[in-house]
Number of protein chains: 2
Amino acid sequence: MQSVEKFRAFLRVKSLRVTPVREAIVKAVVTRKGHFHIDELVRDLRGKGVDASRATVYRSLPLLVEAGLVQPTIVSGNGHYYETAVGHEHHDHLVCSECDKVVEFQFEAFEILQREVAAKYGFELTSHFHELIGVCPECQGRQAHEN
Amino acid sequence: MQSVEKFRAFLRVKSLRVTPVREAIVKAVVTRKGHFHIDELVRDLRGKGVDASRATVYRSLPLLVEAGLVQPTIVSGNGHYYETAVGHEHHDHLVCSECDKVVEFQFEAFEILQREVAAKYGFELTSHFHELIGVCPECQGRQAHEN
DNA sequence: GTAGCTGCAAAGAATTTGCAGTTCT
DNA sequence: AGAACTGCAAATTCTTTGCAGCTAC
């Protein structure tokens with residue numbers, strides 16, 4: 001549970017308070033280890049008997065992002081998606097536009113090129129969104145079948 | 001105005017109707033030649049004396065996307081952003097998190113790698129989001145100055 | 001004790017939908 | 001004529017805010 005410790009340290013540095021609700025949120029997040037929508041997180045918390053209100057979760061996530069525990073993602077569509085950033089190598093997403101399946105991939109070459117592009121324009125790179133949209137093998141089969 | 005022609009053809013194939021409002025939307029879009037938010041488009045239309053309701057614009061944009069005239073983008077933050085896809089080489093974005101400046105870049109190597117990744121997982125690639133977030137040179141200077 | 005949290009309910013913002021009237025084909 | 005489109009207003013959905021009471025420090 002070093003994530004919780006990390007978050008506590010972050011809060012102290014910022015002179016913010018360490019509260020049971022915040023810790024519960026961090027635990028729920030790291031337990032999820034994957035992508036999640038805010039609503040799913042709220043449901044997870046309910047399941048654990050923690051009654052954190054949606055408002056509080058909305059107010060907490062930016063803190064977790066700032067603390068480096070989660071990162072925002074896209075996963076096409078609406079709403080804010082996030083995903084755990086710890087114990088999780090950096091990766092990007094391949095999303096099926098038919099069934100919304102998400103496949104993670106990791107490709108060192110992208111990182112290198114990104115740094116190169118940023119350098120070319122003098123930007124100091126802090127993060128990125130990278131998502132490939134397509135049709136997964138299963139859905140391709142389904143489509144072929146329909147015709 | 002070949003974009004308008006292209007859109008008409010698209011509508012006919014789909015047995016949808018060619019209407020003045022739709023044509024006005026296409027014209028406004030190609031005139032913009034850049035990123036835009038739906039609201040800006042509505043404002044542009046008002047400026048041209050076309051009184052398209054927001055609802056109609058919301059209903060039309062997916063059609064323009066399907067016709068390949070515009071593509072959705074992110075340009076961090078909320079709301080749906082789009083950008084013209086014609087007369088415009090394919091490119092991605094470098095966004096400054098401080099001042100929201102957007103720099104477009106084009107890097108063939110990314111496209112190649114993306115196709116490679118998609119192939120590896122059997123996906124048929126249809127589009128992608130790729131946005132690098134960082135701090136632009138000007139804002140870096142400003143920050144250094146503040147300290 | 002007090003600044004900072006929390007939950008609740010209300011407010012906002014962005015997008016979608018239902019419907020009645022209008023228009024393309 | 002008839003299916004499709006349009007604008008309007010209402011409905012949804014997602015997120016933020018105001019506030020009164022509670023809690024960590």
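Every chain is numbered from 1 and lettered A, B, ... according to where its sequence line falls, protein lines coming before strand lines.
- As rounded to whole Å, 12 Å separates atom C1' of D/dC14 from atom OH of A/Y81.
- Close to D/dT16, at under 4.0 Å from its OP1 or OP2, lies no side-chain N or O of A/Y58.
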Quiz: residues 113-121 of chain B side-chain donor-acceptor pairs under 3.5 angstrom, not counting sequence neighbours:
from: B/Q114; atom 1: OE1; to: B/H128; atom 2: ND1; distance (Å): 3.2
from: B/Q114; atom 1: NE2; to: A/H130; atom 2: NE2; distance (Å): 2.9

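- Straight-line distance from the CG atom of A/L61 to the P atom of C/dT6: 12 Å, rounded to whole Å.
- Of the side-chain N and O atoms in B/T19, one or more sit less than 4.0 angstrom from OP1 or OP2 of D/dT6.
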- Derivation of the side-chain hydrogen bond (donor to acceptor under 3.5 Å, both in side chains) call for A/H35 and A/E83: CA-CA 4 Å; A/H35 318 109; A/E83 76 181 333; 3.1 Å; yes
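- Here A/S53 does not reach the OP1 or OP2 of C/dT6: none of its side-chain N or O atoms lies under 4.0 Å away.
- Between B/V57 and A/R12, the residue anchored closer to the 5' end of DNA chain D is B/V57, taking for each the nucleotide with the nearest heavy atom.
- Using a 4.0 Å heavy-atom criterion, one finds that A/D39 contacts no nucleic acid atom at all.
- For B/L63 and C/dT16, the CG to P distance is 13 Å, given to the nearest whole Å.
- In this structure, B/L11 and B/R22 have side chains that are in contact, with non-hydrogen atoms separated by less than 4.5 Å.
- Within 4.0 Å of B/R59, counting heavy atoms only, lies at least one base atom of the nucleic acid.
- Taking all atoms of both residues into account, the shortest heavy-atom contact from A/F123 to B/C96 is CE2-N, 3.7 Å.
- Taking each heavy atom of B/F36 and B/T84 in turn, the nearest pair found is CE2-N, 4.1 Å.
- In this structure, B/R54 places its CZ atom 12 Å from P of C/dA13, rounding to the nearest Å.
- Across the protein-nucleic acid pair, B/Y82 atom OH and C/dT15 atom C1' stand 10 Å apart, rounded to whole Å.
- Taking atom CD1 of A/I38 as the reference point, atom C1' of D/dC14 lies 9 Å away to the nearest angstrom.
- Distance B/E23 CD to D/dA4 P: 19 Å, rounded to the nearest Å.
- Summarising the geometry, the separation between CZ on B/R46 and C1' on D/dT6 is reported as 13 Å, rounded to the nearest angstrom.
- When distances are taken from the side chain of B/R17 to each of C/dT15, D/dT17, D/dG2, the shortest belongs to D/dG2.
- When the side-chain nitrogen and oxygen atoms of A/R22 are compared with OP1 and OP2 of C/dC5, one or more of them lie within a distance under 4.0 Å.
- Residue A/L16 is classed as a sugar-phosphate contact, given heavy-atom separations below 4.0 Å to backbone atoms only.
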